[in-house]
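Residue numbers start from 1 in every chain, and the chains themselves are labelled A, B, ... in the order their sequence lines are given, proteins ahead of strands.
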Protein chains: 2
Amino acid sequence: MKDNNDTKNRILEEAEILFAEKGFNAVSIREVTAAARCNTGAVNYHFQSKKKLYMEVFRSRWIPRELKMYEHLKETLAKVESPSPATVIKAVAEAYLEGPLSEEELRRHRQLIIREINNPTEAFEMVADQTLRPLFAYLQGRLHPYLPGHLDDESLTLDIMSIFGVLLYFTYSRPMISRVTGRKYDPEFKARLVNQVVRFSLEGLGVDGKEGK
Amino acid sequence: MKDNNDTKNRILEEAEILFAEKGFNAVSIREVTAAARCNTGAVNYHFQSKKKLYMEVFRSRWIPRELKMYEHLKETLAKVESPSPATVIKAVAEAYLEGPLSEEELRRHRQLIIREINNPTEAFEMVADQTLRPLFAYLQGRLHPYLPGHLDDESLTLDIMSIFGVLLYFTYSRPMISRVTGRKYDPEFKARLVNQVVRFSLEGLGVDGKEGK
DNA sequence: GTCTATAGCAGGATAGAC
DNA sequence: GTCTATCCTGCTATAGAC
């Protein structure tokens, strides 16, 4: 395990950037290898095909990164005795909007999953199994005891989805938000979004927003 | 204006279906013309290039359809004296989730705009100018007088965006919702989503959800 | 493990027959 | 206005040198 997978990693890095920005079909192997400063043969040597390179981006980069965010979330919640819904939602919103990732990393991360949600490939099943479904189950378990108003699990599922809807929307539609509102997406604005999502979500859940603030 | 633009219309129709399903780059002219039962030359004759065909799909189909939804929305609201936020939101949710469009049409419609939001091309500016910005302005004007809690316009803008976030999410992520919850996306489920969005959004706006129900 | 060279194919766009 | 035939470019993937 010397550093001879240096090229391999550079390819993965550049491939992720390009796939996120332009989508699978709009990216050519030549483009990736030019960015990674190596030759097209290297992709086929390390990953066999373009499709498998795409899958590997999710397997070895996207999923671990998403799991890192879950860890961040769980650590935040571990510090609190028995976290209220307000605390849970705030932790999720922060992990998703500010979180342990850089702004550019987060943006790429979202673009990739939006593409998969809008237009699923094999990558989606892998991602859903290893990240999305477990996270949903986790949040459902966290929130369920506090929300006796949700008699059936489906109501709670839909509410959790609504929260993700808002969260995803505010990251993936960043260019649109700037264009429609003319507002710059600076840290101040981002903090404001977190508050917005927390307040909106909590009240959507029918919980008093001030409780955990 | 005989019916000699029959081929032209078939191309537009099939192009929209394919662009929505697979995205611009994944669709070839050959694929479109095969579906439209004509030859590749016809595309270049009628639209000059693939890119211009894509733009024309938005210009002559997507934007008019979106405007039709706004008309539907405005007609609904015209029947009510001075509609409350609850009525406004419910009308928006219905227009967006049930609306005047068929389920397949609505799905395609969403997929196209999600792609543009995630990855804007020239089509986005056109769409934003002619549909998104006017709709935002309209809703802002409708809701503003009823929400004295929103002292600045930006809070209201963000709240309206949150509502769109949930709405868009529930249409574009339909495959994901089915996959994650195992629930079929039938009319019953769709009606449930409308209620969910209305309740969640209204409470997110800080308005009593029962008022307009 | 990384490179060059190339096979083999598919795509966009055009020219010209009908 | 629609078709066929064709050009040319750019792509993936492979074979083989280093």
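The main-chain N or O of A:Thr131 is found under 3.5 Å from a side-chain atom of A:Tyr70 such that the two form a donor-acceptor pair.
In this structure, the CG atom of B:Asn44 is 14 Å from the P atom of C:dG11, given to the nearest Å. When rounded to the nearest whole Å, the span between NE2 of B:His46 and P of D:dG1 equals 7 Å. The interatomic distance linking A:Phe47 (CZ) with C:dT2 (P) rounds to 10 Å, in whole Å. Atom CG of B:Asn39 and atom P of C:dT14 are 15 Å apart (whole Å). The distance between atom CG of A:Leu53 and atom C1' of D:dC11, rounded to the nearest whole Å, is 15 Å.
In this structure, the nucleotide among C:dT2, C:dG12, D:dG1 sitting nearest to the side chain of B:Tyr45 is D:dG1. Among D:dG1, D:dC3, D:dA13, the nucleotide with an atom closest to any side-chain atom of A:Thr40 is D:dA13. Listed nucleotides: D:dT2, C:dT2, D:dA13. Nearest to the side chain of A:Ile29: D:dA13.
The CZ atom of B:Arg59 lies 9.5 Å from the CG atom of B:Leu12; values are rounded to the nearest 0.5 Å.
Annotation: A:Lys51, atom NZ; neighbour count of heavy atoms from other residues, nucleotides and ligands within 6.0 Å is above 12.
At a threshold of 4.5 Å between non-hydrogen side-chain atoms, the residues B:Asp129 and B:Glu125 count as touching.
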